[in-house]
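Some notes on the structure that comes next.
Note on naming: letters A, B, ... go to the chains in the order of the sequence lines (proteins, then strands), and numbering restarts at 1 for each one.
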Amino acid sequence: MTATLVWLRRDLRLADQPALHAAVERGAPVIPVFVHAPEEETPWQPGAASNWWLHHSLARLSEALERRGSQLILRRGPTLGTLRELVRDTGADAVFWNRLYEPALIPRDREIKHHLRESGLRVESFNAALLHEPWCIRSGSGNPYRVFSPFWKSCRQAGIDDTPLPEPQAIPAPSASTAGTQPRAARWPASEPLAALALLPRIRWDAGLAETWTPGEAGALVRLRDFLETSAERYHAMRDLPGQPGTSRVSPHLHFGEISPRQIVRALRDAGFDPDSGGADQFLSEIGWREFAHHLLFHFPHTTGAPLNPRFEAFPWRESDRDLHAWQQGRTGIPIVDAGMRELWQTGWMHNRTRMIVASLLTKNLRMHWLHGARWFWDTLVDADLASNTLGWQWTAGSGADAAPYFRVFNPVLQGERFDPDGCYVRRYVPELGRVPASAIHAPRAGRGRSLDPALMHDYPSPIVDLRQSREAALEAFRRLPPPGAGRS
DNA sequence: TGTTGGTTGAG
DNA sequence: TCAACCAAC
């Protein structure tokens, strides 16, 4: 036994880290490595906001490892060749990692496992990201679930592990001189500087991200603790109000594995919340949606680009560069939509309520393909996650199989009035409307009540789409879908 | 985790 | 006139 490579991917933490934990337990020197190979995730290479986060998360992890006498080795791919090189350079005889579940990565990782084992290495993979891995949950008929509620019920009946692994007390390093039993053959390999991965944007648009987020394991724990102390109690009531800080905002930390769902469940219990009732139950079920997204992506991997519901294969989507651009820039003339799109652009994140509203406008009122939206979110969200993004967009487009009927069309004016009643969210991100009173802010040109002074919004565009007419057009297109079962191949 | 448009009944 | 409710999309 000479050394263990721990191949890090989206598990950038030290606590509750199964691969790292197993490597440390093994006793041999541990060599943590990150191999940057985005082209291996084609066609869903991480976007610009993801890369920004990754840069900072790697920096924090590297510091944390150094404080424990270890190092983070950075390399550029291709992954298999790089891992082999690292094995050769270090004298490692084992490679451990935590599993990912995406269509492009499952075959890649399987192949890597196969080749490394063929060359005589001990190779093990672990679950670090999910409460239940996708193949562990099956319906009574043996098929994967397609509806959330029974899926989540089944997960809860299967039991939820809330015992995180401890952070290793010490991480044995190749150069360590104290342990007497290990051969001294293992050595540190060379590392690329973080800057060589070129993850930061060349044009510095990332100031808003830096103001909003603290990537890294420590930032994740602060975020979770803050949520538990200030918002968890009233989560059920507050979670739908995009102007209020009522949600946890742990999604990017979860995506990069800076914190695990198991740690979150445990923290809820330790903070005195009964995970079976009240606000904690609602919050836990959002963790459940994340699990469900992974379940669906694993069992239906084609859904990253094609509808889960085959009736939608011939749906008459519109194409309009002008409309897409207006939507992306937050210039649709519909305040709650523009506020959401600008929140996304400025902070790399959007409240879930607004995500549904902007997605409904794009896919229903503008009747544009959900992939246009999915790709924009993919590039701009710091929490961009293939499983969650795919589920979310298919859900709003109506082509997913979950219980939301395709003919549901959000009315963004009503949604704004209901979930941003005082207009503070709109005013925060759409300063042109800063002086419009709450009673008119979600439909400033509708002329309801006394008419507004046009000077109050002269910089703000008129709506690019008539909500009533476009709703009717969308419903008409849905009516023309082939009947259930007709489109199956 | 929807919206609309209809009915009904209280005031 | 409006809230409450329901069915249909």
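In this structure, Phe419(A) places its CZ atom 9 Å from C1' of dG2(B), rounding to the nearest Å. One interatomic measurement links the two molecules: CH2 of Trp395(A) to C1' of dT1(B), which rounds to 4 Å at whole-angstrom precision. In this entry the distance linking CD of Gln469(A) with P of dT4(B) reads 14 Å, nearest Å. The interatomic distance linking Lys364(A) (NZ) with dG2(B) (P) rounds to 11 Å, in whole Å. Per the geometry, OH belonging to Tyr235(A) stands 13 Å off P belonging to dT1(B), to the nearest Å. Atom P of nucleotide dT1(B) and atom CZ of Arg290(A) are separated by 23 Å, given to the nearest angstrom. Summarising the geometry, the separation between CZ on Phe478(A) and C1' on dT4(B) is reported as 16 Å, rounded to the nearest angstrom.
OP1 or OP2 of dT3(B) lies within a sub-4.0 Å distance of a side-chain N or O belonging to Gln415(A). Look at Asn411(A) and you'll find a side-chain N or O under 4.0 angstrom from OP1 or OP2 of dT4(B). Contact annotation: Arg418(A) side-chain N/O to dT1(B) OP1/OP2 distance is not under 4.0 Å. Checking the phosphate oxygens (OP1, OP2) of dG2(B), no side-chain nitrogen or oxygen of Arg471(A) falls inside 4.0 Å.
Relative to the ring axis of Trp7(A), Arg9(A) places its NZ or CZ within 45° and under 6.0 Å from the centre.
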Please step through side-chain hydrogen bond (donor to acceptor under 3.5 Å, both in side chains) for the pair Asp338(A) and Tyr460(A), ending with a clear verdict. CA-CA 10 Å; Asp338(A) 294 339; Tyr460(A) 189 68; 2.5 Å; yes
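Using a 4.0 Å cut-off between a side-chain N of Lys or Arg and a carboxylate O of Asp or Glu, Arg239(A) and Glu286(A) qualify as a salt bridge. A salt bridge between Asp383(A) and Arg223(A) is absent, with no side-chain N of the basic residue lying under 4.0 Å from a carboxylate O of the acidic one.
Across all strands, Arg479(A) comes closer than 4.0 Å only to sugar-phosphate atoms, never to a base (heavy-atom distances). Across all strands shown, Arg355(A) has no heavy atoms under 4.0 Å from either base or sugar-phosphate atoms. Among the atoms of the strands shown, base atoms are found under 4.0 Å from some heavy atom of Phe407(A).
Applying the salt bridge (Lys or Arg N to Asp or Glu O under 4.0 Å) test to pairs two or more places apart or on separate chains, those with a residue in residues 428-442 of chain A are Arg331(A)-Glu432(A), Arg342(A)-Glu432(A).
Considering only the side chain of Arg468(A), dG5(B) comes nearest among dT1(B), dG5(B), dT4(B).
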